[in-house]
Amino acid sequence: MTIIGSIILWRSLSVKLAPSGRWSVSLLVDVEIETLPKTDNQVGIDLGVTSLLTLSTGEKIANPKVFKAKYRKLRRAQKALSCKQKGSNNRHKARLKVGKVHQEITDARKDNLHKLTTGLVRENLRHRRRRLSCEESG
C-alpha cells in the first residue's frame with residue numbers, strides 16, 4: 001500500500017455479487033496491525049452441543065435463540081421456491097428471497113461470534129489492566 005497525501009493505493013480489488021443480490025468489495029492493502037498487550041490471564045473454552053461455549057471459569061454461554069425463527073423463514077422460502085416453475089420470473093424472485101434469508105443467517109452468525117469473541121478478549125484484557133493498576137498504586 002502506498003499513501004500519497006490522502007490517496008491510498010491497494011494491491012488488489014475484488015467485486016462480488018452474492019446470490020442475495022448484495023454487492024461486496026474486497027481490498028487487499030498492506031497495513032501494520034498493533035498487537036494487544038500480553039497478559040497472564042488464560043481462559044479455557046469448550047465448544048458444546050447444549051450450550052455454545054463453556055468457559056473454564058464455569059460460565060456457560062447459550063446458543064442464540066434468533067436462529068430458530070430464521071430457519072423457519074428459510075424453510076418457508078425454500079418451500080415456496082420449490083413450487084415455482086423453472087425459468088419463470090416468480091422463481092427468480094423466490095430464488096433471490098432464499099438467498100437473502102441465507103445472507104441474514106450468515107450475517108447473524110458472524111455478528112454473534114464477533115461480539116462473543118471480542119467480549120472474551122476485552123474481558124481478559126480488562127482483568128489484566130485492573131491488576132496492573134492495583135500493583136502500580138500499591
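The basis for the numbers below is simple: all heavy atoms, side chains too, and nothing from hydrogens, waters or symmetry mates.
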Query - Between NZ on residue Lys115 and CG on residue Leu120, distance to nearest 0.5 Å - result: 14.5 Å

Query raised in the report: Between Leu47 and Leu116, is there a shared hydrophobic cluster once you connect ILVMFWY residues whose side-chain heavy atoms come closer than 4.5 Å?
Result: yes

Query raised in the report: Is any side-chain heavy atom of His102 closer than 4.5 Å to a side-chain heavy atom of Leu74?
Result: yes

Query raised in the report: side chain to side chain contact (heavy atoms under 4.5 Å, CB included) between Glu104 and Lys73: does it pass, once the steps are laid out?
Result: CA-CA 10 Å; Glu104 279 180 28; Lys73 189 176 178 182; 3.2 Å; yes

Report summary line: All heavy atoms of Trp23 vs all of Val15, minimum pair found to be CE3-CG1, 3.7 Å

Query raised in the report: Between atom CG of Leu27 and atom OG of Ser12, what is the distance when rounded to the nearest 0.5 Å?
Result: 8.0 Å

Query raised in the report: Considering residues, nucleotides and ligands other than Asp46, do more than 12 of their heavy atoms fall under 6.0 Å from its CG?
Result: yes

Query raised in the report: Salt bridge between Asp107 and Arg22, side-chain N to carboxylate O under 4.0 Å?
Result: yes

Report summary line: Note: Ser20 and Gly99 closest approach over all heavy atoms is CB-O, 3.3 Å

**Report entry** Leu28 and Leu13, any side-chain heavy atoms less than 4.5 Å apart
**Finding:** no

Requested in this report: Mind listing the closest non-hydrogen atom pair of Val98 and Gln78 along with its distance?
Outcome: CG2-N, 3.8 Å

**Report entry** Shared hydrophobic cluster, Leu113 / Tyr71 (ILVMFWY, side-chain heavy atoms < 4.5 Å)
**Finding:** no

Report task. Determine, using the 4.5 Å side-chain heavy-atom cutoff (strictly less than), whether Ile61 and Ile45 are members of one ILVMFWY cluster. Result -> yes

Query raised in the report: Is Arg95 close to Leu81 at the side-chain level, that is, under 4.5 Å between some pair of heavy atoms?
Result: yes

Query raised in the report: Between Asn112 and Val66, is any pair of side-chain heavy atoms under 4.5 Å apart?
Result: no

Query raised in the report: Is Arg91 close to Lys86 at the side-chain level, that is, under 4.5 Å between some pair of heavy atoms?
Result: yes

Report task. State, to 0.1 Å, how close Asn63 and Val49 come at their nearest heavy-atom pair, and which atoms those are. Result -> ND2-O, 3.4 Å

Query - 4.5 Å side-chain heavy-atom contact, Arg109 and His114 - result: no

